[in-house]
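Lettering follows sequence order; numbering is per chain, from 1.
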Amino acid sequence: MLLIPCPFCGLRNEEEFTSGSEADRHRPADPIALDDQAWVAHLFERANPKGAVREWWWHGRGCRLWFVLERDTVTNAIKVVP
Amino acid sequence: MAARRYSIWSLIRNALAYHEGWARAWRAPEPKPAYDAIIIGGGGHGLATAYYLARDHGIANVAVLEKGWLGGGNTGRNTVTIRSNYLRDPSIRFYEHARRLYEEMSQELNFNVMFSRRGQIDLIQTWAKLRDARRRSLSMALVDAEYEIITPEEVKRRVPLVEIDPTARLPILAATWHPGAGIARHDAVAWGYARQADAAGVDIIQNCEVTGIRRDGGRVTGVETTRGPIAAPRIGVAVAGHAGVVAAMAGLRLPIETVPLQAFVSEPLKPVLDVILNCPALHVYLAQTDKGELIIGGAADGYTSYAQRGGLHVIEQSVATLIELMPRLKRVKMLRQWAGMIDLTYDTSPIISATPVDGLYLNVGWGSGGFKAIPASGEGFAHLLATGRPSPLIQPFGLDRFAQGRLVLETAGASNRE
């Protein structure tokens with residue numbers, strides 16, 4: 001069970017949150033210019049790292065804030081991203 | 001060298017000799033400097049691939065590299081369910097083929113994999129699921145896979161444990177009966193394939209972790225391992241829970257996320273359940289093993305992790321719904337709990353495919369459903385490794401489906417219910 005530090009509510013139980021997957025993925029600025037492979041990279045491919053990952057979390061059963069955390073996917077240790 | 005055949009006669013002969021004459025089931029060779037093909041991952045999929053490479057394609061100069069021990073990854077962490085009640089035509093064809101291979105596996109491998117054809121009941125508690133079941137039964141009829149809709153009373157007759165109270169929160173509206181489904185001994189599947197592959201000349205190398213993939217101008221030349229470099233012109237990746245990590249060694253990114261999926265077993269009970277019981281709406285499924293333990297699976301955890309452990313609240317949820325469904329299990333104690341890391345693809349169908357790197361092939365992304373696929377996956381992957389082209393059964397599961405928009409969106413896994 002993770003204790004997740006919500007920037008607004010403080011440490012809260014994992015069950016109140018939904019993982020929003022990897023952060024730092026941005027919709028391409030010029031979608032018309034992309035070929036199929038670039039779309040695959042954006043839509044489907046993930047870094048899926050073993051170790052540190054920056055990811056979105058949603059405090060959906062709390063203050064409903066979206067925020068970014070850094071978590072280690074091996075130890076589940078969480079670092080708050082300022 | 002043929003493996004010495006196991007039979008009633010070998011059992012008697014060895015019993016008379018105080019069981020001191022049993023030969024090792026497979027060798028423990030030192031890695032050679034080069035092979036015709038290397039398979040990364042000594043679980044069911046990797047070992048089956050090696051076996052079918054030797055049997056169907058005459059390629060036996062093959063090394064299977066396993067970082068731990070045989071079948072110690074997800075082959076040893078699943079809930080041993082074998083079934084073919086999928087949604088899409090390619091999946092139904094593929095998994096039904098695998099299921100049929102399981103039925104004859106013990107004979108084929110001369111190794112008792114304890115396949116036990118139990119049949120599976122899926123409880124239907126929503127109208128959407130009932131429509132889905134009708135559609136699925138018709139799709140499955142197209143490949144002669146049996147899947148029929150039964151009444152709640154029939155469920156009660158077959159599984160008296162289940163409460164079919166019409167005033168329950170989610171009353172059971174109907175159920176489906178999948179008579180072909182079964183369970184098997186997971187270790188035996190890995191061991192059976194290992195023994196026959198070894199007998200055909202395949203080198204199975206345990207405690208040998210791959211740390212890098214050597215490339216030369218866009219094609220693979222071999223691997224770096226903890227036991228030195230090994231060269232091969234063809235490399236098959238058959239790992240679970242680490243597909244992204246291994247693919248990254250060759251500079252590839254995959255449409256895969258790795259999440260924990262937990263399972264647990266109860267104390268051994270007298271026979272109470274002779275079918276596999278699946279309850280998609282409540283996220284729980286269970287079967288009773290030959291030892292009498294109830295083996296129970298639930299939903300996947302909600303975030304990526306390589307920790308091989310999941311959250312307690314996920315199990316709590318599974319247990320709560322289990323008791324709602326079968327109140328008589330209330331006082332049963334749970335013995336063990338564990339988690340496997342499952343590689344979930346975007347459409348939750350596997351990837352059996354060539355890659356942009358010449359000579360590198362993938363057999364990954366099995367999500368929550370790899371065990372049931374082992375024989376068909378090994379057969380198809382061996383075909384791909386040997387010929388460079390996918391067999392018709394595995395062709396829909398290529399990596400190119402993402403660019404071509406041919407997703408095989410599945411809804412039948414433990415990881416994506418409702």
Side-chain angles (χ1 to χ4, degrees), chain A residues 1-6 11-26 28 31 33-62 66-81, chain B residues 211 239 241-249 251-260 262 299-317 320 339 341-349 351 353 355-356 364-365 398-409:
Chain A
M1 175 93 63
L2 304 180
L3 271 180
I4 296 177
C6 169
L11 277 181
R12 306 292 297 179
N13 187 326
E14 165 189 345
E15 285 181 272
E16 297 179 7
F17 296 85
T18 305
S19 168
S21 196
E22 289 168 22
D24 308 318
R25 296 171 56 246
H26 301 289
L34 295 192
D35 62 5
D36 288 353
Q37 214 49 55
W39 271 120
V40 169
H42 172 67
L43 290 174
F44 303 122
E45 290 177 3
R46 299 286 184 272
N48 193 25
K50 185 176 183 177
V53 63
R54 273 167 54 83
E55 61 190 0
W56 285 108
W57 283 87
W58 180 45
H59 197 186
R61 294 176 190 172
W66 280 96
F67 57 96
V68 175
L69 279 184
E70 189 178 307
R71 184 174 59 92
D72 189 305
T73 57
V74 181
T75 62
N76 278 336
I78 291 175
K79 218 161 72 183
V80 184
V81 178
Chain B
T211 54
V239 303
H242 271 84
V245 176
V246 176
M249 293 176 189
L252 297 177
R253 270 165 73 104
L254 298 178
I256 282 180
E257 289 189 310
T258 304
V259 302
Q262 304 182 80
D301 282 45
Y303 51 88
T304 65
S305 169
Y306 288 87
Q308 284 199 336
R309 46 193 278 247
L312 186 64
H313 66 285
V314 181
I315 302 178
E316 219 176 355
Q317 172 78 14
M341 285 118 57
I342 59 172
D343 288 332
L344 277 184
T345 57
Y346 182 82
D347 56 3
T348 66
S349 287
I351 296 169
S353 179
T355 67
V364 298
L399 204 48
D400 53 1
R401 71 175 184 266
F402 295 98
Q404 294 172 1
R406 288 187 292 105
L407 300 183
V408 189
L409 283 162

* Structural part of B/L254 lying under 4.5 Å from a heavy atom of chain A -> backbone
* Structure fact -> In terms of heavy-atom pairs under 4.5 Å with chain A, the winner among B/S305, B/G244, B/G310 is B/S305
* Per-residue contact mode, B/Y346 against chain A (heavy atom under 4.5 angstrom) -> side chain
* Structure fact -> Of the listed B/L312, B/T345, B/T258, B/V245, the one with the largest count of heavy-atom pairs under 4.5 Å with chain A is B/T258
* To do: Find out whether B/I256 and B/I351 are in side-chain contact, i.e. whether some heavy atom of one side chain is under 4.5 Å from a heavy atom of the other.
  => yes
* Name the option with the most non-hydrogen atom pairs under 4.5 Å to chain A; the candidates are B/Q404, B/R253, B/M341. => B/R253
* Asked: What residue among A/R71, A/K79, A/R46 forms salt bridge (charged side-chain N to carboxylate O under 4.0 Å, His left out) with A/E55?
  -> A/R71
* To do: Flag the one option from A/L43, A/N13, A/T73 with the top tally of heavy-atom pairs under 4.5 Å to chain B.
  => A/T73
* To do: Give a yes or no on whether the backbone of B/L399 and the side-chain of B/S353 come within a donor-acceptor separation of less than 3.5 Å.
  => yes
* To do: Using atom types as modelled and distance alone, determine if a side-chain donor or acceptor of A/R61 lies under 3.5 Å from a backbone N or O of A/E15.
  => yes
* Identify which of A/M1, A/Q37, A/K50, A/E22 forms the greatest number of heavy-atom pairs closer than 4.5 Å to chain B. => A/K50
* To do: Please state whether the side chain, the backbone, both or neither of B/I315 comes within less than 4.5 Å of a heavy atom of chain A.
  => neither
* Using modelled atom types only, decide if a donor and an acceptor are shared between the side chain of B/D301 and the backbone of B/G311 within a distance under 3.5 Å. => yes
* To do: Using modelled atom types only, decide if a donor and an acceptor are shared between the side chain of A/R54 and the backbone of A/D24 within a distance under 3.5 Å.
  => no
